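When a ligand or atom number is given, it counts from 1 through the structure's own listing order. As the structure is a prediction and not an experimental result, all values here were calculated from the model.
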Amino acid sequence: MSQPRLLILGPPGAGKGTQSANIADEYDVSHVTTGDALRANKDMDISDMDTEYDTPREYMEAGDLVPDAVVNAIVDEALDSADGFVLDGYPRNPEQAEELAGMTDLDVVLSLSVSREELVDRLTGRRVCDDCGASYHVEFNQPETEGVCGECGGKLIQREDDDEESVRNRLDVFDENTAPVIDHYEDHDGFVAIDGEQPPDEVWSDIRRAIDERTE
Ligand code: AP5
Ligand code: MG
Ligand code: ZN
């Protein structure tokens, strides 16, 4: 098989970014993530797409979804130039799922599940590298040197949407918009449910086994 085409689903804080980094390394695929792409372009002018706000920033800081037209275009372009990918953060509603079905087939669909209280703890304690985006946690996943990225030496910061109010809204937006998307993928041949509540290494070994079984 050529490079695998993987989708990773799960609520905010489930570990999509953490595990996508492992997947991209191990299987030599591109990490396509709408969250990172939007954070790098928070102030781009989207007013010509007939949106409520003129930039992604307002939506993201509140933890609301950025309009579909903006994210569909990001994913379409990224997948076009990828030979194998792990897609993280998209699709987030049924309309985006339909759009994705028109762009590509998928070999494996991973779904990480984690309880709500654990998600709140993970997100409010998360620190991310300002340079390379690597994820850490003040308690569960500490860097070797406090405040410094172990990958690139960059500075660790807190994401603007990781305050408790935005976190709770993001979890509500997930329940309302994205949970139905996950139900829809349960019928996919490559679907596999992963217990995301385990320690990161155990989640990773379950993911690796699931991908290997489905891509031989
Ligand atoms: P996005 O960046 O995608 O955020 P999210 O879905 O809220 O997910 P997170 O990145 O917060 O969580 P994650 O699952 O990656 O967890 P992580 O590995 O970091 O989206 C942000 C915003 O952009 C959205 O709110 C929206 O506005 C917009 N947007 C993006 N895509 C969009 C789309 N398609 N449509 C519309 N709008 C869109 O882990 C979390 C923490 O837990 C870390 O601290 C980590 O170290 C720790 N951790 C990880 N695994 C474990 C473990 N097993 N045990 C203990 N701790 C762990
Ligand atoms: Mg993420
Ligand atoms: Zn870094």
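In this structure, the side chain of Lys16 engages the main chain of Pro11 through a donor-acceptor pair within 3.5 Å. Side chain of His137 to main chain of Asp121: a donor-acceptor pair is present (N/O by atom type, distance under 3.5 Å, no hydrogens or angles). In this structure a side-chain-to-backbone donor-acceptor pair under 3.5 Å is present from Ser166 to Glu61. Looking only at distances, no side-chain donor or acceptor of Glu213 sits under 3.5 Å from a matching main-chain atom of Arg208.
Atom numbering of ligand 1 starts at 1 in the shown order; those under 4.0 Å from a heavy atom of Thr18 are 17 (P), 18 (O), 39 (O), 45 (C), 49 (C). Which parts of ligand 1 touch Leu123 is read off a 4.0 Å heavy-atom cut-off, strictly below it: atoms 11 (O). Below 4.0 Å from some heavy atom of Tyr90 lie the following atoms of ligand 1, by number and element: 34 (N). Those atoms of ligand 1 with a heavy atom of Asp64 less than 4.0 angstrom away are 26 (C), 27 (O). Atom numbering of ligand 1 starts at 1 in the shown order; those under 4.0 Å from a heavy atom of Pro199 are 53 (N). Taking every non-hydrogen atom of Gln96 and a distance limit under 4.0 Å, the qualifying atoms of ligand 1 come out as 33 (C), 34 (N), 35 (N), 36 (C). Near Gly17, meaning under 4.0 Å from any of its heavy atoms, are these atoms of ligand 1: 13 (P), 15 (O), 18 (O). Within the listing of ligand 1, atoms 19 (O) sit less than 4.0 angstrom from a heavy atom of Ser135.
Looking at Val71 next to ligand 1, no N or O pair under 3.5 Å apart turns up. Of the N or O atoms in Ala14, one or more lie within a sub-3.5 Å distance of an N or O in ligand 1. Inclusion of Asp36 in the set of residues having an N or O under 3.5 Å from an N or O of ligand 1 is not warranted. Residue Val66 has at least one N or O atom closer than 3.5 Å to an N or O atom of ligand 1. Between Arg170 and ligand 1, a contact under 3.5 Å exists for at least one N or O pair. By the 3.5 Å distance cut-off applied to N or O atoms, Gly15 is counted among the residues near ligand 1. On a distance-only criterion, Thr34 and ligand 1 share at least one N/O pair closer than 3.5 Å. Taking any N or O of Val203, backbone or side chain, none lies under 3.5 Å from an N or O belonging to ligand 1. Polar contact check, Asp88 against ligand 1: no nitrogen or oxygen pair lies under 3.5 Å apart.
Around the Zn ion (ligand 3), the protein N, O or S atoms found under 2.8 Å comprise Cys129 SG, Cys132 SG, Cys149 SG, Cys152 SG.
Screening residues 142-159 for side-chain hydrogen bond (donor to acceptor under 3.5 Å, both in side chains) gives Arg159-Asp161 as the qualifying pairs, with residues at least two apart or on separate chains.
In this structure, Asp45 places its CG atom where more than 12 heavy-atom neighbours from other residues, nucleotides or ligands lie under 6.0 Å away. Surrounding CG of Asp189 are at most 12 heavy atoms belonging to other residues, nucleotides or ligands under 6.0 Å away.
Phe140 belongs to no hydrophobic cluster with other residues, because no ILVMFWY side-chain heavy atom falls under 4.5 Å from its own, directly or through intermediates.
Contact record, Gly10 with Ile182: N-CD1, 4.1 Å, taken as the closest heavy-atom pair. Closest non-hydrogen pair, Arg122 versus Gly196, comes out as NH2-O, 2.9 Å. A pairwise comparison of heavy atoms in Val120 and Thr124 identifies O-OG1, 2.8 Å as the closest pair. Closest of all the heavy-atom pairs between Thr215 and Pro4 is CG2-CB, 4.0 Å.
Taking atom 28 (C) of ligand 1 as the reference point, the nearest protein heavy-atom neighbour is Leu38 CD1, 3.7 Å. Scanning all protein heavy atoms for the shortest distance to atom 9 (P) of ligand 1 gives Arg126 NH1, 3.3 Å. Looking only at protein heavy atoms, the nearest one to atom 23 (O) of ligand 1 is Met60 CE, 3.4 Å. From the protein, the heavy atom lying nearest to atom 41 (C) of ligand 1 is Arg122 O, 3.7 Å. At the top of the distance list for atom 6 (O) of ligand 1, counting protein heavy atoms only, stands Arg92 NH2, 2.5 Å. Considering only non-hydrogen protein atoms, atom 8 (O) of ligand 1 sits nearest to Lys16 NZ, 3.2 Å. Among protein heavy atoms, the minimum distance from atom 10 (O) of ligand 1 is reached at Arg159 NH1, 3.1 Å.
Using a 3.5 Å distance cut-off with no hydrogens or angles, the side chains of Ser113 and Glu197 do not pair a donor with an acceptor.
Look at Gln19 and you'll find every heavy atom at least 4.0 Å from all atoms of ligand 1. Residue contacts with ligand 1 include Arg39, since one or more of its heavy atoms lies under 4.0 Å from the ligand. Proximity of Gln198 to ligand 1 is established by a heavy-atom distance of less than 4.0 Å.
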For side chain to side chain donor-acceptor pair (under 3.5 Å), just list the numbers for Tyr27 and Asp212, CA-CA rounded to whole Å, side-chain angles, deciding distance to a tenth of an Å, and then say yes or no. CA-CA 10 Å; Tyr27 297 96; Asp212 288 344; 2.8 Å; yes

Checklist line | Stepwise side chain to side chain contact (heavy atoms under 4.5 Å, CB included) test for Leu100 and Leu106 | finding: CA-CA 10 Å; Leu100 179 62; Leu106 298 165; 4.3 Å; yes

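Scanning Pro12, Gly13, Ser20, Pro11 for the heavy atom closest to atom 40 (C) of ligand 1 points to Gly13.
When each of Val192, Val203, Asp206 is tested with Leu110 by the rule side chain to side chain contact (heavy atoms under 4.5 Å, CB included), just one qualifies, namely Val192.
Cluster annotation: Leu123 is not connected to Ile157 through the hydrophobic network of ILVMFWY side chains, with a link wherever side-chain heavy atoms come within less than 4.5 Å. One hydrophobic cluster, built from ILVMFWY side chains closer than 4.5 Å, cannot hold both Val29 and Val75; they sit in different ones.
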Could you go through residues 90-97 and list every donor-acceptor pair under 3.5 Å that involves a side-chain atom there, pairing it with any protein atom two or more places apart or in another chain?
residue	atom	partner	partner atom	Å
Tyr90	OH	Asn72	OD1	2.7
Tyr90	OH	Gln96	O	3.4
Arg92	NH1	Gly89	O	2.8
Asn93	OD1	Glu95	N	3.2
Asn93	OD1	Gln96	N	2.8
Asn93	ND2	Asp68	OD1	3.0
Gln96	OE1	Arg92	N	2.9
Gln96	NE2	Asp68	OD1	2.9

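Only the backbone of Tyr136 comes within 4.0 Å of ligand 1, judged by heavy-atom distances.
Checked for salt-bridge contact, Asp175 and Arg116 meet the test: a charged N lies under 4.0 Å from a carboxylate O.
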